[in-house]
Protein chains: 2
Amino acid sequence: MTERKPVLNRPEHEAKSPSRTTPEDGRVRRSKDLVMAATLELLTENGLGGVSVDEVARRSGVAKTTIYRHWPVRSALILDACTRLSSQHAAPDTGSFAGDLAALMGGMAQLLRTARWASVTPSIIDAAERDPDLATVHSRIQLEHSAPFQVIISRAVGSGDLPPQTDVQAMIADLLGPLYYRRWFSREPLDDAFVGGITERVLGRT
Amino acid sequence: MTERKPVLNRPEHEAKSPSRTTPEDGRVRRSKDLVMAATLELLTENGLGGVSVDEVARRSGVAKTTIYRHWPVRSALILDACTRLSSQHAAPDTGSFAGDLAALMGGMAQLLRTARWASVTPSIIDAAERDPDLATVHSRIQLEHSAPFQVIISRAVGSGDLPPQTDVQAMIADLLGPLYYRRWFSREPLDDAFVGGITERVLGRT
DNA sequence: TCATTGTGCTACGATACCGTAGCGTACTTG
DNA sequence: CAAGTACGCTACGGTATCGTAGCACAATGA
């Protein structure tokens with residue numbers, strides 16, 4: 001008689017998906033939001049390893065059982081949270097390659113200094129070394145961050161601002177590499193002078 | 001009556017230090033070596049979080065109690081292992097800055113491709129974000145890896161191969177940044193062409 | 001209003017850890 | 001050979017996890 005469980009035998013693909021019958025049950029939305037907020041908080045504070053379901057429950061005020069109702073296992077929760085860390089950047093279009101580059105590098109440096117993502121990244125990279133799912137997340141984030149560079153460099157090649165034989169990936173490494181190096185390895189300040197110097201040197205060799 | 005414990009009341013600084021009375025008790029040496037080997041193994045396989053004393057005991061064949069006899073707490077063991085990860089590099093002296101740079105960059109790329117250190121680094125960086133002791137270890141390793149660059153660049157400035165106003169730290173970022181970027185972020189291959197390209201571009205602007 | 005659905009709560013069982021105690025045995029060294 | 005020392009082993013106590021079960025209560029929506 002206790003058979004009001006998921007009842008997995010549904011021929012239809014998305015038949016009773018609540019997103020159709022009930023666009024949003026306010027209670028579900030609320031729980032999910034609270035849980036995700038607490039998870040992201042823990043994630044940035046303590047890295048991947050610092051996120052336990054019990055602690056998320058404590059911080060969010062949402063019961064642990066409720067959390068498990070929305071994410072079947074811990075890893076699903078973490079993966080979900082990591083996925084929401086990154087944000088797409090639009091490629092700037094200032095009219096000149098130098099302008100685009102300056103804008104993009106400045107934005108990236110700003111992100112590295114302040115964004116939640118920056119403090120979680122080492123943890124993700126570490127986990128990605130062994131967890132295929134997180135490796136996927138990492139490469140998606142990585143792609144999102146390099147894509148705008150790809151765009152403006154390709155455009156510059158097209159317009160003749162850069163020579164046709166330009167190695168796009170190598171140039172991206174020359175731009176992002178030093179930024180990342182300062183943020184996570186040498187831990188020296190990421191000031192405007194440094195950022196400007198990078199772009200200057202890369203531009204200087206055209 | 002159970003008082004054959006450490007007996008901490010010793011006025012002398014190093015009085016009964018076994019390194020004096022007993023240069024090496026073979027048993028101690030053996031235990032420590034086995035434990036350290038297993039720890040390094042686990043470290044490279046699973047990162048910092050993957051090292052548990054129980055697992056080290058299993059793998060090394062050394063009893064857990066013995067491990068605790070040599071390292072008072074888990075963190076001491078891990079810290080010790082991390083400390084042994086890095087190795088100093090001698091700065092090459094080929095006679096030319098270009099030669100030195102090529103040698104150094106080639107060696108570094110080789111390290112990044114193969115060394116145990118490379119697979120643990122993300123883990124250390126992550127932990128360093130919150131653990132001061134590991135932050136110290138990380139900055140020591142970081143320093144060891146950048147020091148030879150510092151040497152050859154300074155030498156080149158002294159000899160006139162590089163202009164006197166050269167920003168040494170920025171140049172190191174331009175060299176190591178792209179290498180690290182490829183290894184841990186974009187995960188593209190670290191082939192000779194790429195490495196050569198970096199040095200070429202840095203040298204090209206003198 | 002009434003059935004449905006989501007939540008909170010308490011209580012579990014199962015692991016995996018950390019770090020310690022006590023005891024018997026083997027090795028090392030004087 | 002004898003004393004000191006290191007070691008292995010078993011067994012703990014304590015904590016933090018993960019993930020689940022069962023039940024009562026509240027919100028929702030037909």
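Here is how names work: the chains are called A, B, and so on, in the same order as the sequence lines, proteins then strands, and each is numbered from 1.
Between the CG atom of A:Leu42 and the C1' atom of D:dT17 there is a distance of 14 Å, given to the nearest Å. Straight-line distance from the CH2 atom of B:Trp71 to the C1' atom of C:dT20: 18 Å, rounded to whole Å. The CG atom of A:Asp54 sits 13 Å away from the P atom of D:dT20 (whole-angstrom rounding). A straight line from NZ of A:Lys32 to C1' of C:dT7 spans 15 Å, rounded to a whole angstrom. Atom NE2 in B:His70 sits roughly 16 Å away from atom C1' in C:dT20 (whole-Å rounding). As rounded to whole Å, 12 Å separates atom C1' of C:dC17 from atom CD1 of B:Ile78. The separation between B:Tyr68 atom OH and D:dC12 atom C1' is 14 Å, rounded to whole Å. Between B:Arg74 atom CZ and C:dT20 atom C1' the separation is 18 Å, expressed in whole Å.
Among the nucleotides D:dA6, C:dC9, C:dG19, the one closest to the side chain of B:Val28 is D:dA6. The nucleotide whose nearest atom lies closest to any side-chain atom of A:Ser52 is, among D:dC23, D:dT17, D:dG19, D:dT17. Nearest to the side chain of B:Thr66, among C:dC17, C:dG8, D:dG8, sits D:dG8. Comparing C:dC18, C:dT7, D:dT17 by their closest approach to the side chain of A:Arg69 singles out C:dT7.
Positionally, the nearest nucleotide of DNA chain D for B:Arg29 lies more toward the 5' end than for the other of A:Val73 and B:Arg29. For B:Ser31 and A:Val53, each mapped to the nucleotide of DNA chain D holding its nearest heavy atom, the one lying further toward the 5' end belongs to B:Ser31. Mapping B:Gly26 and B:Glu55 onto DNA chain C by nearest heavy atom places B:Glu55 at the nucleotide closer to the 5' end.
One finds the CG atom of A:Leu43 at 9.5 Å from the CE atom of A:Met36 (value rounded to the nearest 0.5 Å).
In this structure, A:Arg182 is positioned above the aromatic face of A:Phe194, its NZ or CZ under 6.0 Å from the six-membered ring centre and within 45° of the axis.
You'll find the ring centres of B:Tyr180 and A:Tyr180 outside the 6.0 Å limit.
A salt bridge does not link B:Glu45 with B:Arg116: none of the charged nitrogens is closer than 4.0 Å to a carboxylate oxygen.
Within 3.5 Å, a donor on the side chain of A:Thr65 pairs with an acceptor on the base of C:dC9, or the reverse. The base of C:dG19 sits with one of its N or O atoms less than 3.5 Å from a complementary donor or acceptor on the side chain of B:Lys64. For D:dT5, the base has a donor-acceptor partner in the side chain of B:Arg27 [N/O atoms by modelled type, under 3.5 angstrom].
In this structure, B:Arg59 contributes its side chain and B:Ala38 its backbone to no donor-acceptor pair below 3.5 Å.
B:Gly61 comes within contact range of the sugar-phosphate backbone alone, with a heavy-atom separation under 4.0 Å but no base atom that close.
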